[in-house]
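Read the structure below first, then the notes.
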Amino acid sequence: MNFSSARQYFYQEVQKSEEDIDLARAALYIAQEEYPRLDTDEYLNTLDTMAMEVEERLPSSRYPLRVIQAINQYLYDDLGFAGNQQDYYDPRNSFLNEVIDRRVGIPITLALVYLEIAKRSDFPMEGVGLPGHFLIRPAISDMEIFVDAFNRGEVLFAQDCQDKLNQMFQQSVTLRPEFLATISKRQFLARMLTNLKYIYLRKQDIEKSLSVVERILLLFPEATSELRDRGLLYYQLGYYPQATNDLETYLANVPNAEDTATIRRLLGEMK
């Protein structure tokens, strides 16, 4: 594999066991492809410092809601972190270094900052892949509370999540249990990359879209939809042998896909 150094580091990180993957480090390797001079240790040290400053604010009785309150006050009141409502699709919102420097981001990157501070404060939290909006929750059994890092650490209960879903989709949406299930670190990174993929597609930046899909496939090599998308991006870039290989593999794996006719037409054009 002829990877850049950042891609090699990312690949090595995500090959580790689930518990050993360092989310912040992997996220910084994602950013390092955009910012080759990025010093990952500098930003990891920044997160360490932030966590130490939170520690000074934590009450002696570390009840979960009090810990959340202390983190919220530090991140949103003291440091001024905020959700980027004005320019949600700015790619910088998806890069952890930029989020730390600029103190704005989208739900999943602000959630990552929050998770990393909480982890360093001995208050582990987990990602929750609510459709359309990323949340986090304390890693405590039978504790059904959620934190919205995009909205100043707002504490939510299940009914609040239901209301948020209805609001986002502008209709009544059934809150299925899997919507509030915690996700793995690889799923977390894939969701970060998927956000970045759609941002680049909106900008018609095919090269960067391809680089993102390639990294999603490092996380989930069997993801057929990503294999198809890589083939389509290869096609747009004129890399016909690579496109043909991916699209033929896609059809072999999903012979009854809804887009079969379209894919076959493209394959015919490349012959």
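Quantities reported herein were computed from a predicted structural model and do not represent experimental measurements. Excluded from the calculations below are hydrogen atoms, water molecules and symmetry mates; all remaining heavy atoms, backbone and side chain alike, are included.
- Neither side chain, Y29 nor E13, offers a donor N or O lying under 3.5 Å from an acceptor on the other.
- In this structure a side-chain-to-backbone donor-acceptor pair under 3.5 Å is present from D39 to E42.
- Here the two rings, on Y76 and F81, have centers that are 6.0 Å apart or farther.
- Between F146 and F157, the ring centre distance reaches or exceeds 6.0 Å.
- Under 4.0 Å is where a charged nitrogen must lie from a carboxylate oxygen, and between K203 and D205 no such pair does.
- Of the charged side-chain nitrogens involved, none lies within less than 4.0 Å of a carboxylate oxygen, so that D22 and K185 do not count as a salt-bridged pair.
- Judged by distance alone, the side chains of E98 and Y35 do bring a donor and an acceptor atom under 3.5 Å apart.
- Every salt bridge (Lys or Arg N to Asp or Glu O under 4.0 Å) that R7 has, sequence neighbours left out, goes to E33, E214.
- The environment of R57 atom CZ is dense: over 12 non-hydrogen atoms of other residues, nucleotides or ligands sit within 6.0 angstrom.
- By the side chain to side chain donor-acceptor pair (under 3.5 Å) test, K164 pairs with D148, sequence neighbours left out.
- Listed by chain and residue number, nothing satisfies the salt bridge (Lys or Arg N to Asp or Glu O under 4.0 Å) test with D101 (two or more places apart in sequence, or in another chain).
- By the 4.0 Å N-to-carboxylate-O rule, E55 lies close enough to R62 to be salt-bridged with it.
- Between the side chain of D20 and the main chain of K16, no donor-acceptor pair closer than 3.5 Å is present.
- Of the possible polar contacts, one joining the R215 side chain to the S211 backbone as a donor-acceptor pair under 3.5 Å is found.
- Using a 4.0 Å cut-off between charged side-chain N and carboxylate O, E226 and K197 make a salt bridge.
- A distance-only check finds no donor-acceptor pair linking the side chain of T224 to the backbone of Y250 [under 3.5 Å].
- Counting heavy-atom neighbours within 6.0 Å of Q167 CD, excluding the residue itself, gives a total of 12 or less.
- Residue E248 forms a side-chain contact (heavy atoms from CB on, under 4.5 Å) with just one option from L251, D246, T244, N245, and that option is T244.
- Side-chain atoms of N166 come within 3.5 Å of backbone atoms of V173 as a donor-acceptor pair (strictly under, hydrogens ignored).
- When ring centroids are compared, Y234 and Y240 stay outside the 6.0 Å threshold.
- Residue-environment remark: CG (D77) exceeds the threshold of 12 foreign heavy atoms within 6.0 Å.
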